[in-house]
There are 2 protein chains.
Amino acid sequence: MAKTLGMRKNPVKDEREQAFKQAALKVFSAKGYHRATMSEIALEAGFGKGTLYWYWKSKEELYFALIRQMHEEFLQLVEEAASRPGSALEKLGWMGGEITELYYRDRDFCKLSWKMRAEELETFSPQYVEELQDYIKRTKRALEGIVKQAVEEGSLPPADPYYLSCMLLGLVEGMEIQWLEDPSSFDLRRGMELAMSFLLFLGETGKRASTGG
Amino acid sequence: MAKTLGMRKNPVKDEREQAFKQAALKVFSAKGYHRATMSEIALEAGFGKGTLYWYWKSKEELYFALIRQMHEEFLQLVEEAASRPGSALEKLGWMGGEITELYYRDRDFCKLSWKMRAEELETFSPQYVEELQDYIKRTKRALEGIVKQAVEEGSLPPADPYYLSCMLLGLVEGMEIQWLEDPSSFDLRRGMELAMSFLLFLGETGKRASTGG
DNA sequence: ATTTTAAGACCGACCGGTTGGTCTAAAACT
DNA sequence: AGTTTTAGACCAACCGGTCGGTCTTAAAAT
């Protein structure tokens, strides 16, 4: 006979997990993976280190729970933009707005992601690295699809879509960095709007050129 | 009276310093400041740790000797571009080419700089942080000057020169990151050339619009 | 309703390993 | 002989992760 005596579910599991994740986000995003300590995260969450290890089996697992969440969110956004109806420029416009909002909403996530990219990937377990690279690959592919459409529609110059998407990604990430380093001297929203207006300008002149010539 | 008597200059001292700096560059650029160890740097240079400390008084000092060199080089490049004769577009074109060459020549320096920007500045001594921020400020100012000229010449749209220069810097840095992460999937030279052609395109259409309207 | 039971939740001392920096003694040079 | 240079043992501080043990609480048993 199975002994179920005293068996119970963890009533506070979700709550605690959230508390720890929030604390971890704060500490990891401020210090990066290697400089962050599990004691500090536990303290920040208001618990002992042992308790933190009750919920996560390692520092790495906790870290990648956050990294995964960030990449998942970003990927979904880009894929949704790609699958939307409308012109490529409309898709890019919508995506730019959403990305900006995402960044402002989850600034610590941005910092986390940003610090992560400067870490040595070799120090992490291969399964996590693979998972991460898969997210990045899928995101880039979705973005490249939109850009390809834009080139076909003549709203972007007829250059290699892959390189165009790299440039676009580079521009956004480069502005993101400046905003993260000093938000008071660079307003990301304004930068994104300016970038968007350039895109539109390119689109217009491109179309005018193709219809006029 | 100046005491020069008996003050001997070790003929190999400079050589050793260079060896240590090169080793430090290799290790710091691969691991970042905090994960790099002095023992490893000493070993890489072919000396004992004690010897390394005979040449530099701290890890931080060694690190900033490299950081300083990198920023100095970049700043000089941008300032030289700004003080060149010719149109803003010519300056930017020259600068883009030089930057690309610099990056390819000193890839490890790029990595170092890139990792450095993800570090917590608070962990360094204020004097170093100040020095660093001064370099960045001067670089940005020089770049902004060129961009301002470009706007006045009508080869860039009439937007805030500061934001334009931030975007330009962001684009270059964003592409640099992608190239650092995986040079086989993103060729920086090609990316820079593409970016440059966009700049020229903007300049032409901008001028045509102003002369035609 | 009260007691019993055992899993859930929690803690912090502790361990093994690492690292920046020091110290000393010997080697090398002049 | 005296000075410069080198090496690596050594130290104190720190960190990820473990472990033994304690307290809490839901559910089973009465």
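Lettering follows sequence order; numbering is per chain, from 1. Note that the coordinates shown come from a computational prediction; the quantities given were computed from them, not determined experimentally.
- Using a 4.0 Å cut-off between charged nitrogen and carboxylate oxygen, B:E176 and B:K111 do not count as a salt-bridge pair.
- Here the CD-CD1 distance, from B:E131 to B:I136, works out to 11.0 Å after rounding to the nearest 0.5 Å.
- Atom P of nucleotide C:dA7 and atom CH2 of A:W54 are separated by 11 Å, given to the nearest angstrom.
- Within residues 28-42 of chain B, the residues approaching DNA chain C are B:A36, B:T37, B:M38, by heavy-atom distance under 4.0 Å.
- Residue B:Y55 contributes atom OH, which lies 19 Å from atom P of C:dG21 at whole-angstrom precision.
- We find that CG of A:L43 is positioned 10 Å from P of C:dC11, with the value rounded to whole Å.
- For the ring pair (Phe, Tyr, Trp, His ring centres under 6.0 Å) condition, the pairs that include at least one residue of residues 85-125 of chain A, sequence neighbours left out, are A:Y33-A:F124, A:Y63-A:F124, A:F64-A:F124, A:Y104-A:W179, A:W114-B:W114.
- Ionic pairing of A:E40 and A:K31 is present here: one or more N-O contacts between side-chain nitrogen and carboxylate oxygen are shorter than 4.0 angstrom.
- The separation between A:K13 atom NZ and C:dC10 atom P is 13 Å, rounded to whole Å.
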Collect all protein-nucleotide pairs involving nucleotides 22-28 of chain C in which both atoms are nitrogen or oxygen and the distance is under 3.5 Å.
none

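- Checked against the 6.0 Å centroid threshold, B:F20 and B:F47 count as a close aromatic pair.
- Using a 4.0 Å cut-off between charged side-chain N and carboxylate O, B:E61 and B:K57 make a salt bridge.
- Taken to the nearest 0.5 Å, the OG1 atom of B:T100 stands 10.0 Å off from the CE atom of B:M95.
- DNA chain C is contacted by no residue of residues 111-128 of chain A, taking any non-hydrogen atom closer than 4.0 Å.
- By the ring-ring contact (aromatic ring centres under 6.0 Å, His included) test, B:F198 pairs with no residue at all, sequence neighbours left out.
- Taking the side-chain hydrogen bond (donor to acceptor under 3.5 Å, both in side chains) definition, one finds that B:K21 meets it with B:Q69, sequence neighbours left out.
- Closest heavy-atom contact between B:A82 and B:A142: CB-O, 4.1 Å.
- Aromatic ring centres of B:F186 and A:Y163: separated by under 6.0 Å.
- Distance A:R16 CZ to C:dG8 P: 15 Å, rounded to the nearest Å.
- In this entry the distance linking CH2 of A:W56 with P of D:dT18 reads 16 Å, nearest Å.
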